[in-house]
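Just below is one structure, and these are the notes that go with it.
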Amino acid sequence: MDVLPTDVRELWLVQSRDCAQDPEGLSYDRARFILTVHGGHGARCHQYLAASAFCFRRAAEK
């Protein structure tokens with residue numbers, strides 16, 4: 001992934017700030033971003049779990 005423009009980064013941070021809410025409209029780049037931001041939050045973080053599942057599913061398809 002290339003360096004994100006500042007406005008996209010800020011938007012994704014705002015949209016993924018709540019660990020109790022599932023992320024919507026994931027792309028591979030956005031899922032990787034969420035994994036980076038929420039990496040240490042544990043099993044109760046819906047953002048991390050959904051992004052992880054998205055990336056795992058994509059890897060399994062290849």
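Computed over heavy atoms, backbone and side chain alike; hydrogens, waters and symmetry mates excluded. What you see is a predicted model; the values in this text were computed from it and never measured.
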If you link ILVMFWY side chains whenever their heavy atoms are less than 4.5 Å apart, which other residues fall into the same cluster as Val14? By chain and number, please. none
Indicate every side-chain donor-acceptor pair of residues 46-61 with a distance under 3.5 Å to a residue at least two apart or in another chain.
from, atom 1, to, atom 2, distance (Å)
His46, ND1, Asp22, OD1, 3.1
Gln47, NE2, Asp18, O, 3.3
Gln47, NE2, Gln21, O, 2.7

Distance (rounded to the nearest 0.5 Å) between Leu11 CG and Arg30 CZ: 7.5 Å
Listed partners of Leu13 passing side chain to side chain contact (heavy atoms under 4.5 Å, CB included), at least two apart: Arg9, Glu10, Phe33, Val37
Heavy-atom pair of closest approach, residues His38 and Ser16: NE2-O, 2.7 Å
